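Working notes, beginning with the structure itself.
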Amino acid sequence: MYKYLSILNDLENIIQSGRYKEGERLPSIRALAEQYGCSKSTIIRTFDELEKKHIVYSSPQSGHYVVKRKHKNNGNPLILDFASSAPDPNIFPYLDFQHCINKAIDTYKNDLFIYGTSKGLPSLISVVQKQLANYQVFADTDSIFVTSGVQQALAILTTVPFPNGNETVLVEQPGYHLFIEYLETHNIPTLGIKRNSDGIDLLELERIFQTENIKFFYTMPRFHNPLGTSYSRIEKERIAKLAEKYDVFIVEDDYLADLEQDAKADPIYSYDVSAHVIYLKSYSKIIFPGLRIGIAIVPASIAGAFSTYKKILDIDSSMISQAALEIYIKNKMFERHKQKVRSSYSRRTVSLLNALEKHAKGHDDFFSYTSVKNPCIHTFIQLDKRISIQKLTHSLRKKSIIVEPAHHHYLSSFEKEPLLKLNVSNVKIDDIERGIQQILAEICR
């Protein structure tokens, strides 16, 4: 791996953390070369890349300075987007991954430009197997499939026959809007179960498992979208036991596992003793969406059908992306980038929650906000039913603040709660409190 890439990521992370303020002079090239134990030319190259990314600028005979962030775009107010859940483009590992793509082509050559296997690149699967062990997910390579994102895995699982012979899919409400849209578009028999800041009613879950023909229960136990909440260890153990008792499969979407800071927070998969949990992991949310690489760990009872349907859909997922991801993980770039993203998002999460705690007091008549354990980059507030979400979002947009209700996270047949989503993955940390204050002030007008 190139030395300057490591230094570049480190300096970028330091600047984004606020250690150096806007307009502040950075250490000299000589000082940084001594600090990092490298040549001055390596630091010069690093500064060149930081300048290209508009993070620093150089002043002749003076040094390098942190760029002052503009609060106006072509004379228009800065847009604060609290609706988008996409990863922040400013922390995409462009240079690292470019290096990995080039290395992958040099290493695999023609193998990347022919058809692969429906399971995925074998060398990537071996690397992923070792990485997943860090998440308390221990799986044989035979059960690991590389998919074109988690959405493809969900589409396949919805289509293939399951050993329990059932057809109805159970989803949390609210839940992942694109999967809900897929289910309704394809007229899949679907039921919903309410989830809120306290989790789900496990007695109701057992009643549904017992009385309905549930094929699988799709759940986001960790950092739920859009609620931002996580299940407790007791809830995860109970869900795994209910799955075994009533022969219902669990599809566990652990799409933000890499943001977890509690080493004891294990997935439902780790409590599964009856091969009833299918574990899904995404690399798109931690690296960048265009990667389109997901991982599905599928029990042997379903693996054959899953492989057949996967092959019919696309033969294989992008071989270049798979090979580049393999190199990215093997060279410890993924782990370093994960720490960078986790640190950046953690600071924004703290700022979001502090702003809500500070400005939500005394406004119970208009909305309610419940602090969640193990907070995440996104959360929600529940509006009073007298407030028009449509008018609220329209008036905030006039102030260049984008927010969204959670109505499209519900099945069309399920009663919708008046929830306002708040996501700060694309809001700068310095703008979070100001944005939250304006949002809450508009609600209380």
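If you're wondering where the values come from, they're calculated on a predicted model, not measured in any experiment.
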Set out, in order, the CA-CA distance, both residues' side-chain angles and the distance that settles side-chain hydrogen bond (donor to acceptor under 3.5 Å, both in side chains) for Ser148 and Ser317, then state yes or no. CA-CA 5 Å; Ser148 300; Ser317 300; 3.0 Å; yes

Is a side-chain donor or acceptor of [X] paired with a backbone partner of [Y] at a separation under 3.5 angstrom?
X	Y	answer
Ser343	Val341	no
His337	Ile286	yes
Glu172	Met220	yes
Ser270	Asp266	no
Gln129	Ala139	yes
Lys215	Thr158	yes
Asn423	His378	no
Thr393	Ile389	yes
Glu252	Ile268	yes
His186	Tyr182	yes

So that I can tick it off, tell me whether [Y] and [X] are bridged by a salt bridge, with the cut-off set at under 4.0 angstrom between side-chain N and carboxylate O.
X	Y	result
Arg45	Asp48	no
Arg386	Asp384	yes
Arg233	Glu237	yes
Lys332	Glu335	no

Given the rule in the side-chain hydrogen bond (donor to acceptor under 3.5 Å, both in side chains) test, do Glu260 and Asn374 qualify, once you have shown the distances and angles that lead to the verdict? CA-CA 8 Å; Glu260 181 62 73; Asn374 197 23; 3.3 Å; yes

Describe, in one word, how the ring planes of Tyr57 and Tyr65 are oriented to each other, choosing from parallel (under 30°), tilted (30 to 60°) and perpendicular (over 60°). parallel

What class does the angle between the rings of His177 and His408 fall in, given that below 30° is parallel, 30 to 60° is tilted and above 60° is perpendicular? perpendicular

With ring centroids as reference points, do Phe249 and Phe217 lie under 6.0 angstrom apart? no

Determine, using ring centers only, whether Tyr135 and Tyr269 are less than 6.0 Å apart. no

Would you check if [X] and [Y] make a side-chain contact, meaning some heavy-atom pair closer than 4.5 Å?
X	Y	value
Ile329	Tyr283	yes
Arg195	Thr219	yes
Phe223	Ser230	yes
Lys416	Tyr410	yes
Ile250	His276	no
Leu422	Leu356	yes
Ser85	Asn426	no
Arg292	Ser321	no

For the residue pair [X] and [Y], what are the closest heavy atoms and their distance?
X	Y	result
Glu235	Gly199	OE2-CA, 3.8 Å
Ala296	Ala153	CB-CB, 4.2 Å
Asp88	Tyr345	N-OH, 3.0 Å
Asp96	Arg336	OD2-NH2, 2.7 Å
Ser425	Ser84	OG-O, 3.5 Å
Ala104	Ala324	CB-N, 3.9 Å

Is it true that [Y] and [X] share a donor-acceptor pair across their side chains at a distance under 3.5 Å?
X	Y	result
Glu442	Ser395	yes
Ser351	Glu433	no
Asp253	Tyr218	yes

Assess whether salt bridge (Lys or Arg N to Asp or Glu O under 4.0 Å) is satisfied between Glu244 and Lys241, documenting all intermediate values. CA-CA 5 Å; Glu244 177 184 14; Lys241 289 179 180 178; over 6 Å; no

Does a sphere of radius 6.0 Å around [atom1] in [X] hold more than 12 heavy atoms from other residues, nucleotides or ligands, not counting ones at 6.0 Å or beyond?
X	atom1	result
Lys194	NZ	no
Arg207	CZ	yes
Gln136	CD	yes
Gln261	CD	yes

CA sep, side-chain torsions, deciding dist, call: Lys21, Val66, side-chain contact (heavy atoms from CB on, under 4.5 Å): CA-CA 7 Å; Lys21 305 301 181 184; Val66 177; over 6 Å; no

To the nearest 0.5 Å, how far apart are [atom1] in [X] and [atom2] in [Y]?
X	Y	atom1	atom2	answer
Leu205	Phe209	CG	CZ	4.0 Å
Glu417	Phe380	CD	CZ	9.0 Å
Asn225	Ile377	CG	CD1	12.5 Å

Applying side-chain hydrogen bond (donor to acceptor under 3.5 Å, both in side chains), run through Asn90 and Glu12 and close with a yes or a no. CA-CA 10 Å; Asn90 293 311; Glu12 187 177 351; over 6 Å; no

Cys376 vs His224, side-chain contact (heavy atoms from CB on, under 4.5 Å): CA-CA, chis, key distance, verdict: CA-CA 9 Å; Cys376 186; His224 179 274; over 6 Å; no

Candidate pair Ser39 and Thr42, rule side-chain hydrogen bond (donor to acceptor under 3.5 Å, both in side chains), full reasoning: CA-CA 5 Å; Ser39 66; Thr42 299; 3.0 Å; yes

Please assess Arg348 against Ser344 for the test side-chain contact (heavy atoms from CB on, under 4.5 Å), listing each intermediate value before the final yes or no. CA-CA 7 Å; Arg348 297 186 209 189; Ser344 176; 3.2 Å; yes

Under the salt bridge (Lys or Arg N to Asp or Glu O under 4.0 Å) criterion, do Lys330 and Glu326 qualify, and how do the steps go? CA-CA 6 Å; Lys330 285 174 67 175; Glu326 176 203 337; 3.5 Å; yes

In Lys281, Lys285, Arg342, Lys340, the residue satisfying salt bridge (Lys or Arg N to Asp or Glu O under 4.0 Å) with Asp258 is Lys281

Leu227 vs Thr379, test: side-chain contact (heavy atoms from CB on, under 4.5 Å). Steps then yes/no. CA-CA 5 Å; Leu227 302 180; Thr379 188; over 6 Å; no

Within 45° cone and under 6.0 Å: Lys119 NZ/CZ vs Phe145 ring: yes

